[in-house]
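Worksheet for the structure shown next.
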Amino acid sequence: MTRDERRVVSPWNIANVLTVLRLALVPFFVFCLFLPGTGWRVAALALFAVASLTDHLDGELARRYGLITDFGKIADPIADKALTGAALVCLSILGELPWWVTIVILVRELGITALRFLLLRHAVIPASYGGKVKTVLQITAIVLYLLPFVPDPVRWVVMGAAVLITVGTGVDYIVRAVKLRSVARRARGE
């Protein structure tokens with residue numbers, strides 16, 4: 001099949017619109033999180049939950065209806081990192097989550113995002129299964145921190161698992177990136 005015979009998918013599709021919506025919800029989530037009172041905390045949780053659900057939904061729609069685009073492959077992880085990163089930073093500012101946890105996760109996330117951009121001219125490395133588990137664990141841990149009255153040991157166990165998987169999948173991504181770069185260099189005859 002030649003390139004001209006392949007179906008061209010517009011970047012303006014429902015999956016990508018949901019990704020952009022997720023990104024747009026981040027400032028509203030942050031605003032609600034810093035307002036005092038349980039009601040605002042629940043509103044922040046609701047916004048976080050809606051934004052997190054769009055992550056699953058946009059991926060499902062993209063795969064089911066063939067709406068996968070390079071824009072989506074790049075924008076989806078950026079939207080994920082904006083949402084989780086904002087939540088982690090806000091929780092640390094509020095004194096509810098130690099800064100070292102936020103820093104470890106953000107360094108991994110920003111480092112891998114930068115690596116994705118560096119590799120764009122060679123190929124786009126899609127998220128691995130481990131990356132999806134990492135995202136679910138991070139979201140679950142953040143939800144437990146956003147929910148009022150969750151015992152601290154429960155929060156710590158889930159956040160601890162999220163940190164371990166985050167670091168492990170970061171190492172895996174780096175290994176895959178090095179292999180991809182090596183293959184691309186050999187293909188160019190370098």
Side-chain angles (χ1 to χ4, degrees), residues 1 3 6 9 11 15-16 18-20 22-23 26 48 51-89 91-92 97-145 155-190:
M1 179 181 288
R3 184 172 182 87
R6 283 190 234 147
V9 178
N16 288 345
L18 287 171
T19 298
V20 172
R22 182 164 65 257
L23 199 52
V26 172
F48 185 83
S52 297
L53 289 173
T54 67
D55 180 36
H56 173 73
L57 185 58
D58 65 7
E60 182 67 29
L61 289 171
R63 285 184 295 277
R64 181 176 292 168
Y65 297 108
L67 301 175
I68 297 170
T69 63
D70 285 342
F71 172 82
K73 289 179 186 176
I74 298 301
D76 183 66
I78 290 172
D80 295 344
K81 281 144 192 64
L83 180 64
T84 57
L88 294 168
V89 168
L91 288 169
S92 291
L97 182 68
W99 275 104
W100 72 265
V101 172
T102 297
I103 291 167
V104 166
I105 292 174
L106 288 183
V107 165
R108 184 273 190 203
E109 299 295 352
L110 296 174
I112 296 304
T113 300
L115 187 57
R116 280 180 186 267
F117 282 116
L118 289 172
L119 291 172
L120 272 180
R121 68 183 185 128
H122 303 294
V124 174
I125 299 178
S128 66
Y129 176 75
K132 294 173 199 253
V133 170
K134 173 219 38 128
T135 300
V136 169
L137 276 173
Q138 286 179 0
I139 289 170
T140 303
I142 290 167
V143 165
L144 291 174
Y145 273 87
R155 291 174 172 163
W156 264 104
V157 167
V158 178
M159 187 58 81
V163 169
L164 288 174
I165 297 297
T166 298
V167 171
T169 56
V171 170
D172 174 63
Y173 192 90
I174 291 168
V175 168
R176 290 191 301 149
V178 168
K179 288 179 182 177
L180 174 66
R181 174 98 170 111
S182 177
V183 167
R185 290 181 109 175
R186 279 194 303 261
R188 288 192 315 262
E190 292 179 14

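H56 places none of its side-chain heavy atoms less than 4.5 Å from the side chain of K132. Residues L110 and K81 fail the side-chain proximity criterion, which asks for heavy atoms closer than 4.5 Å. Annotation: side chain of I105 is in contact with side chain of M159 (closest heavy-atom distance under 4.5 Å). Between V101 and W156 there is a side-chain heavy-atom pair separated by less than 4.5 Å. Looking at heavy atoms from C-beta onward, D76 lies out of side-chain contact with F71 at the 4.5 angstrom threshold.
When the side-chain hydrogen bond (donor to acceptor under 3.5 Å, both in side chains) test is applied to T166, the partners found at least two apart in sequence or on another chain are Q138. Every side-chain contact (heavy atoms from CB on, under 4.5 Å) that T102 has, sequence neighbours left out, goes to L88, V89, S92, L97, W99, L106. In terms of the side-chain hydrogen bond (donor to acceptor under 3.5 Å, both in side chains) criterion, residue partners of D58 (sequence neighbours excluded) are, by chain and number, T19, R22. Looking at residues two or more places apart in sequence or on another chain, you find no side-chain hydrogen bond (donor to acceptor under 3.5 Å, both in side chains) involving T84. Shown here are the side-chain hydrogen bond (donor to acceptor under 3.5 Å, both in side chains) partners of D55, two or more places apart in sequence or in another chain: there are none. Here R108 pairs with nothing under the salt bridge (Lys or Arg N to Asp or Glu O under 4.0 Å) rule; sequence neighbours left out. Checked against side-chain contact (heavy atoms from CB on, under 4.5 Å), L57 has the following partners two or more places apart in sequence or in another chain: L18, L61. A search for side-chain contact (heavy atoms from CB on, under 4.5 Å) contacts involving V133 returns Y129, L137, I165, not counting sequence neighbours.
Residue S52 comes nearest to I139 through the heavy atom pair OG-CG2, 3.7 Å, listed as atom of the first residue, atom of the second, then distance. Here the shortest heavy-atom pairing between L115 and A177 reads CD2-CB, 3.6 Å. The two residues V26 and A82 come nearest to each other via the heavy atoms CG1-O, 3.9 Å. The nearest pair of heavy atoms linking A51 to L83 is CB-CD2, 3.6 Å.
Applying the salt bridge (charged side-chain N to carboxylate O under 4.0 Å, His left out) definition to pairs two or more places apart or across chains, none involves residues 156-167.
Atom OH in Y173 sits 8.5 Å away from atom OG1 in T113 (nearest 0.5 Å). Taken to the nearest 0.5 Å, the CG atom of L91 stands 9.0 Å off from the CZ atom of R155.
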